[in-house]
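First the proteins, then the strands, lettered A, B, ... as listed; each starts at 1. Because only heavy atoms are used, hydrogens play no part in the values below, and waters and symmetry mates are left out as well, while side chains stay in.
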2 protein chains.
Amino acid sequence: MTTSPSAGTTASSQVFEALKHDLIRGRFAAGEKLAISALKTHYGVGLSPLREALNRLAAYGLLEQENQRGFRVPAMRLEELDDIAGLRTQLECMALTQAFQNGDSEWESQLLAAAHRLRRADEQPERIEEWEQAHLRFHRALLGACGSPWLLRFIGQLHDQFDRYRRMAPPNPGIRTTLDEQHAALVELALARDIQGARALLDTHIRLSHEVARGCCSAAP
Amino acid sequence: MTTSPSAGTTASSQVFEALKHDLIRGRFAAGEKLAISALKTHYGVGLSPLREALNRLAAYGLLEQENQRGFRVPAMRLEELDDIAGLRTQLECMALTQAFQNGDSEWESQLLAAAHRLRRADEQPERIEEWEQAHLRFHRALLGACGSPWLLRFIGQLHDQFDRYRRMAPPNPGIRTTLDEQHAALVELALARDIQGARALLDTHIRLSHEVARGCCSAAP
DNA sequence: ATTTCCCTAAAAATCGATTTTTTTATCAAT
DNA sequence: ATTGATAAAAAAATCGATTTTTAGGGAAAT
């Protein structure tokens with residue numbers, strides 16, 4: 001039995017994940033029109049699974065689908081960044097409150113584990129994607145106990161949108177250190193169930209990335 | 001020049017809209033597995049546009065996509081209904097507050113127009129779909145001035161999910177009259193910019209439909 | 001009688017080719 | 001030179017057929 005790297009998955013799902021990642025990390029220019037045949041060869045799939053992935057990404061909000069004119073990477077607009085950041089702050093603060101109320105010891109364990117992985121990833125500043133993944137998982141773990149699947153779904157979607165803007169900015173060790181100190185502090189506040197303190201810090205935490213992205217976004221176009 | 005009924009639209013988008021409507025109004029049984037070839041003939045399209053529509057609907061949350069096992073209508077779960085209703089209340093109250101702060105006279109005009117259409121639709125109780133459409137537009141008009149496209153997007157998505165549960169219940173003239181009185185009252189509160197009063201009424205408004213759907217949902221499975 | 005394995009039928013996913021629509025380029029007329 | 005129509009080229013959308021995977025039934029073995 002050969003365990004291929006794509007065992008149990010459809011080609012469509014694989015392209016979806018690969019394209020999603022590439023869109024968030026900024027592989028394509030904002031506003032760029034996607035050349036479908038080029039994508040076909042790049043991701044090594046046929047037309048059908050590729051188009052299915054593109055349709056899913058458009059429904060998710062990482063692509064825009066124009067009437068009979070194919071798919072386009074959404075433009076970066078300062079106004080939209082502010083919308084995303086503001087809403088993300090509100091929704092994550094909601095989820096945080098609920099997670100602090102519902103969270104059990106299993107939640108605490110998962111949070112500590114995620115925080116540890118994030119610290120370790122921080123020791124290897126050159127491996128950016130590992131840190132990004134650990135970062136995403138940490139935030140998921142922090143809010144995971146909120147008890148509302150739909151809230152978590154929307155927060156995840158906003159997080160992806162936010163990251164598209166945040167990752168425009170070049171890596172900055174100083175800011176990353178500050179962010180990681182905030183992550184550690186959030187864990188302490190979570191264990192202490194300090195809702196007010198954690199909400200304030202989460203707000204500050206998002207605001208910091210927001211400001212960095214903002215500077216980059218207003219400079220770009 | 002012949003103006004076909006589908007001018008300027010792709011087959012894919014048409015099936016998407018038609019299927020979305022049928023899923024919300026409950027044409028398919030909850031938990032049912034969709035027979036793709038049957039859908040093909042029913043909606044009169046080929047495989048490719050149909051699959052693209054199914055993929056979009058899965059990303060939107062109106063279908064579940066299992067690994068290599070096709071598409072399934074999500075089950076109706078009381079727990080999920082409560083999640084949807086609770087989150088919808090919170091997000092709509094957020095948007096309502098912002099709409100009351102940002103809304104200009106154009107917003108007031110659109111709201112009055114939507115309210116009028118809804119009253120007229122209410123006079124024809126047998127034309128259910130017309131009322132449904134007017135109802136959806138009224139709620140969109142009420143919150144449309146909130147200034148946050150992403151918040152409106154999520155609210156629309158939750159509204160669709162909520163309606164899937166709400167429409168399980170058989171039409172009830174008494175409840176519909178109560179709902180429409182609340183709509184009229186919401187317009188008055190909007191014009192008066194009474195945020196507290198409107199939030200309270202919107203909460204009551206959603207709670208009423210929630211309770212009706214709840215009774216139907218717990219009885220069904 | 002129950003479990004396991006294989007075989008067959010059905011369904012899903014993918015591919016290659018065709019059709020339709022949009023975009024680009026060309027050329028005449030004002 | 002600009003505009004407007006037309007034709008060629010490119011791209012998107014769709015179709016029909018093929019390949020792959022799953023679901024179900026029945027025989028062999030325990």
Side-chain angles (χ1 to χ4, degrees), chain A residues 1-20 22-23 27-29 31-60 62-75, chain B residues 1-20 22-23 27-75:
Chain A
M1 171 189 168
T2 56
T3 305
S4 77
S6 57
T9 316
T10 62
S12 170
S13 299
Q14 285 177 252
V15 201
F16 175 82
E17 292 299 335
L19 249 170
K20 178 180 170 184
D22 285 344
L23 285 164
R27 183 175 178 274
F28 304 97
E32 177 183 348
K33 183 174 167 187
L34 295 183
I36 296 191
S37 54
L39 297 179
K40 227 178 50 162
T41 58
H42 185 269
Y43 294 101
V45 291
L47 201 62
S48 307
L50 177 60
R51 283 191 62 87
E52 291 184 14
L54 292 171
N55 272 278
R56 279 201 257 175
L57 286 164
Y60 189 71
L62 278 171
L63 281 179
E64 285 168 0
Q65 188 166 21
E66 299 170 73
N67 223 331
Q68 249 134 337
R69 251 154 268 186
F71 297 85
R72 183 176 295 280
V73 180
Chain B
M1 170 189 170
T2 57
T3 305
S4 77
S6 58
T9 315
T10 62
S12 170
S13 299
Q14 284 176 254
V15 202
F16 175 82
E17 291 298 337
L19 249 170
K20 177 180 170 183
D22 284 344
L23 284 164
R27 183 175 177 277
F28 304 96
E32 176 183 349
K33 182 173 167 187
L34 295 182
I36 296 191
S37 54
L39 297 179
K40 227 178 51 163
T41 58
H42 185 269
Y43 293 101
V45 291
L47 201 63
S48 307
L50 176 60
R51 284 191 61 87
E52 291 184 13
L54 292 172
N55 273 277
R56 280 201 255 174
L57 286 164
Y60 188 71
L62 279 171
L63 283 178
E64 284 167 359
Q65 189 165 21
E66 299 170 73
N67 223 332
Q68 247 134 339
R69 251 155 268 185
F71 297 85
R72 184 176 295 279
V73 180

Undergrad: Got B:Asp22 and B:Tyr43 here, is their nearest side-chain heavy-atom distance under 4.5 Å?
TA: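 They are in side-chain contact.
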Undergrad: Just how far, in rounded Å, is P of C:dA13 from CG of B:Leu47?
TA: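 Atom-to-atom, B:Leu47 to C:dA13, this comes out as 10 Å.
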Undergrad: Is B:Lys33 touching bases, backbone alone, or none of the nucleic acid, heavy atoms closer than 4.0 Å?
TA: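 Sugar-phosphate only.
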Undergrad: Could you walk me through whether B:Arg51 and A:Ser12 pass the side-chain hydrogen bond (donor to acceptor under 3.5 Å, both in side chains) test, one step at a time?
TA: CA-CA 11 Å; B:Arg51 284 191 61 87; A:Ser12 170; over 6 Å; no
Undergrad: With a 4.0 Å cut-off on heavy atoms, is B:Ile36 in touch with a base, just the backbone sugar-phosphate, or nothing at all?
TA: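 Answer is sugar-phosphate: B:Ile36 comes under 4.0 Å of backbone atoms only.
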Undergrad: Of all the choices, D:dA13, C:dT14, D:dG16, which nucleotide is nearest to the side chain of A:Pro49 once you look at every atom?
TA: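 Among D:dA13, C:dT14, D:dG16, the one nearest the side chain of A:Pro49 is C:dT14.
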Undergrad: Does the side chain of B:Leu39 come within less than 4.5 Å of B:Phe71's, by heavy atoms?
TA: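 No - every pair of side-chain heavy atoms lies 4.5 Å or more apart.
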Undergrad: Ignoring backbone atoms, test whether A:Arg69 places a side-chain nitrogen or oxygen under 4.0 Å from the OP1 or OP2 oxygen of C:dT23.
TA: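 For C:dT23, OP1 or OP2 has a side-chain N or O of A:Arg69 closer than 4.0 Å.
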Undergrad: Measuring from the side chain of A:Ser12 (C-beta onward, heavy atoms only), which nucleotide among D:dA23, D:dA13, C:dT14 has the closest atom?
TA: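 It is C:dT14.
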Undergrad: Would you say that A:Leu63 contacts A:Leu19 through its side chain, given a criterion of any heavy-atom pair below 4.5 Å between the two side chains?
TA: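 No, side chains not in contact.
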Undergrad: Name the nucleic acid region contacted by A:Leu54, choosing base, sugar-phosphate or nothing; use a 4.0 angstrom heavy-atom cut-off, strictly under.
TA: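 Answer is nothing: A:Leu54 stays at 4.0 Å or more from every strand.
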Undergrad: Between A:Gln68 and D:dA12, is there a contact of a side-chain N or O with OP1 or OP2 at under 4.0 Å?
TA: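 The answer is no; no side-chain N or O of A:Gln68 sits under 4.0 Å from OP1 or OP2.
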Undergrad: For C:dA13 and B:Arg51 - does any side-chain N or O of the residue sit under 4.0 Å from the phosphate oxygens OP1/OP2?
TA: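 Checking C:dA13 against B:Arg51, a side-chain N or O does come within under 4.0 Å of OP1 or OP2.
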